[in-house]
Amino acid sequence: MRVAVFNTKAYDRRFLDQANRDFGHELRYLDARMDVTTASLAHGCPAVCVFVNDVVDAPVIEALMAGGTRLLALRSAGFNNVDLAAAERLGVDVVRVPAYSPHAVSEFTIGLLLAVERYIPRAWARVRDNNFSLDGLIGRNLHGRTVGVVGTGKIGALVVRALRLGFGCTVLANDVAEDPDLVAMGVRYVDRRTLLAESDIVTLHCPLTPDTRHLIDLDAIEHARDGFTIVNTSRGALIDTTALIEGLKRRKIAAVALDVYEQEADLFFEDLSSEIVSDDVFQRLLTFPNVLITGHQAFLTEEALEAIARTTLQSIADAEAGRPLANRVDTSLIVPSH
């Protein structure tokens, strides 16, 4: 099948080309991000492949359909950037990669947490300047502390196991459904308010839905334990960034580690080192010494990229052959695109 692959980097092409040896699709790589101005580049392609920061709203889907596209393949688990109502109305199938490598994201989450709790980036920067002073680098153990995990799906469950079994943390959890295996190891499920009030550390691993958008807002921060740490490797808009900054200024929040940001579409995955970044909110975040931000790289392992490529191409092959789409997004959920 002819596939227009938007928003691609060298690593995307490497792993897609490698996996495509088993499928034989005609992959048309495009550097451009998907939006209403670039949708015409997919003209004549029955399938289009996009990433998390591509905009696939109703006008885009209409333009794609006019050009002959009938399948939208996401190289991601999340689909909040897609107008599912429009896809349902226009008859465009949407497939995703629901579980490419939960270990990649869960391990990176633990890495971020350790880095921010033990001041590893600050220590590294000092040593680079031949400054070996330990003043200001006093961290805190994870052992014995209470961690609240919001979302205990495949990624969240791995984070829970690492914290509970590996570090000896007390773990509180919040999810629409309890995992009996986690309960059996001593995890206690509580409501969000209780989780915030009792947790030293809060880590987010839930999808972005209308119910979870700005899950961490000013009210949530006010009701959280004083001096808590926030980690987010899930979706940027789970956190109200303006409220986060206010919490940092008030010293209510001790540390923040983010791999995602709610307005990341104009920033992440690009080299802007020679540009003037006009996002004042993001720039303000970078001024805090207790904030660690990475550019949405938690998924970026060889194993995950291989799984993303293979799963995506398999879904396209299934669509071409008229087989059931195992990874089809249920468009009846009608989750708003933003």
Side-chain angles (χ1 to χ4, degrees), residues 6-12 30-38 49-57 60 74-83 96-97 100 104-105 108-109 111-113 115-116 121 150-151 155 202-210 212-217 230-248 253 255-288 290-301 304-305 308 335-338:
F6 281 78
N7 200 0
T8 59
K9 305 298 181 186
Y11 49 82
D12 293 311
L30 300 165
D31 293 332
R33 290 184 178 180
M34 168 68 78
D35 60 29
V36 72
T37 66
T38 61
C49 183
V50 299
F51 196 46
V52 291
N53 288 334
D54 290 302
V55 177
V56 195
D57 54 17
V60 167
L74 304 173
R75 304 193 305 277
S76 61
F79 48 87
N80 55 283
N81 57 326
V82 179
D83 189 329
R96 63 180 181 132
V97 185
Y100 41 87
V105 181
F108 195 82
T109 299
L112 280 181
L113 178 57
V116 76
V150 182
I155 294 171
V202 175
T203 179
L204 307 179
H205 302 284
C206 54
L208 178 61
T209 67
T212 62
R213 185 176 183 83
H214 285 181
L215 180 152
I216 302 296
D217 58 10
I230 298 177
V231 182
N232 186 11
T233 55
S234 186
R235 292 290 178 267
L238 296 176
I239 297 178
D240 181 341
T241 312
T242 302
L244 187 69
I245 291 172
E246 188 62 28
L248 286 161
I253 301 171
V256 174
L258 306 175
D259 187 53
V260 289
Y261 168 61
E262 62 178 326
Q263 301 298 330
E264 69 179 53
D266 295 328
L267 301 174
F268 288 4
F269 307 112
E270 305 298 335
D271 180 0
L272 303 179
S273 57
S274 298
E275 306 293 331
I276 296 175
V277 175
S278 59
D279 187 331
D280 292 339
V281 174
F282 185 78
Q283 294 296 86
R284 180 68 178 99
L285 264 184
L286 293 179
T287 66
F288 291 96
N290 52 343
V291 173
L292 173 61
I293 304 176
T294 52
H296 205 140
Q297 72 175 82
F299 76 99
L300 199 67
T301 65
L305 288 170
I308 289 169
V335 180
S337 40
H338 287 291

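The model shown is predicted, which means the values in this text are computed figures rather than measured ones. This chain uses plain numbering: 1 for the first residue, then up along the sequence.
Counting only heavy atoms from C-beta outward, the side chains of Ile293 and Phe268 approach each other to under 4.5 Å. Using a 4.5 Å cut-off on side-chain heavy atoms (C-beta onward), Leu292 and Leu258 make no contact. Between Asn81 and Asn53 there is no side-chain heavy-atom pair separated by less than 4.5 Å. Side chains of Ile216 and Asp240 form no contact here, defined as non-hydrogen atoms less than 4.5 Å apart. Side-chain contact check for Ile245 versus Leu285: some heavy-atom pair is nearer than 4.5 Å. With contacts defined as side-chain heavy-atom distances shorter than 4.5 Å, the pair Val56/Asp83 does not qualify. Looking at Phe79 and Leu208, their side chains never come closer than 4.5 Å, going by heavy atoms from C-beta outward. The side-chain heavy atoms of Thr203 and Leu113, taken from C-beta on, include no pair separated by under 4.5 Å.
The CD1 atom of Ile308 sits 12.5 Å away from atom CZ of Arg96, with the distance rounded to the nearest 0.5 Å. The line from CG of Leu30 to CZ of Phe6 is 5.0 Å long, rounded to the nearest 0.5 Å.
In terms of the side-chain hydrogen bond (donor to acceptor under 3.5 Å, both in side chains) criterion, Ser76 has no residue partners (sequence neighbours excluded). Every residue two or more places apart in sequence or in another chain was checked for a side-chain hydrogen bond (donor to acceptor under 3.5 Å, both in side chains) with Thr242, and none qualifies. Contacts of Phe269 classified as ring-ring contact (aromatic ring centres under 6.0 Å, His included), with partners at least two apart in sequence or in another chain: Phe51, His296. Partners of Glu246 under the side-chain hydrogen bond (donor to acceptor under 3.5 Å, both in side chains) rule, at least two apart in sequence or in another chain, are Arg250. Under the side chain to side chain contact (heavy atoms under 4.5 Å, CB included) criterion, Pro207 pairs with Thr209, not counting sequence neighbours. Ser234 pairs by the side chain to side chain contact (heavy atoms under 4.5 Å, CB included) definition with Asn232, Leu238, not counting sequence neighbours. For Leu305, the side chain to side chain contact (heavy atoms under 4.5 Å, CB included) partners at least two apart in sequence or on another chain are Tyr11, Phe15, Phe299, Leu300. Applying the side-chain hydrogen bond (donor to acceptor under 3.5 Å, both in side chains) rule to Gln283 yields no partners; only residues at least two apart in sequence or on another chain are considered. Evaluation of the ring-ring contact (aromatic ring centres under 6.0 Å, His included) rule for Phe108 yields no partner, not counting sequence neighbours. A search for side chain to side chain contact (heavy atoms under 4.5 Å, CB included) contacts involving Asp271 returns Ser273, not counting sequence neighbours.
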Item checked: side chain to side chain contact (heavy atoms under 4.5 Å, CB included) evaluation trace for His205 with Thr233 -> CA-CA 7 Å; His205 302 284; Thr233 55; 3.5 Å; yes

Margin query: Please determine whether side chain to side chain contact (heavy atoms under 4.5 Å, CB included) holds for the pair Ile239 and Leu204, giving the CA-CA distance in whole Å, both sets of side-chain angles, and the decisive distance to 0.1 Å.
Written below: CA-CA 9 Å; Ile239 297 178; Leu204 307 179; 3.8 Å; yes

Note to self: Assess the residue pair Leu74 and Val50 against the criterion (side chain to side chain contact (heavy atoms under 4.5 Å, CB included)); give the C-alpha distance rounded to whole Å, side-chain angles, the decisive distance to 0.1 Å, and a yes or no.
What the structure shows: CA-CA 5 Å; Leu74 304 173; Val50 299; 3.3 Å; yes

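Among the candidates Val105, Leu112, Val231, the single residue satisfying the side-chain contact (heavy atoms from CB on, under 4.5 Å) test with Asp259 is Leu112.
Residues Asp12 and Asn7 share a closest heavy-atom pair of OD2-O, 3.9 Å. Residues Val116 and Val256 share a closest heavy-atom pair of CG2-O, 3.8 Å. Across all non-hydrogen atoms, the minimal contact from Val202 to Val150 is CG1-CG2, 4.3 Å. Between Gln297 and Thr294, the closest heavy-atom pair is OE1-CB, 4.0 Å. Among all heavy-atom pairs drawn from Pro121 and Ala115, the shortest one is CD-O, 3.4 Å.
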Please report, to 0.1 Å, the donor-acceptor pairs under 3.5 Å made by any side chain of residues 274-282, with sequence neighbours excluded.
unit_1, atom_1, unit_2, atom_2, d
Asp279, OD1, Tyr261, OH, 3.1
Asp279, OD1, Val281, N, 3.1
Asp279, OD1, Phe282, N, 3.0
Asp279, OD2, Tyr261, OH, 2.8

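Within the 3.5 Å criterion, the main-chain N or O of Leu215 finds no donor-acceptor partner in the side chain of Thr212.
Arg235 and Glu264 are not joined by a salt bridge, as no carboxylate oxygen comes within less than 4.0 angstrom of a charged side-chain nitrogen.
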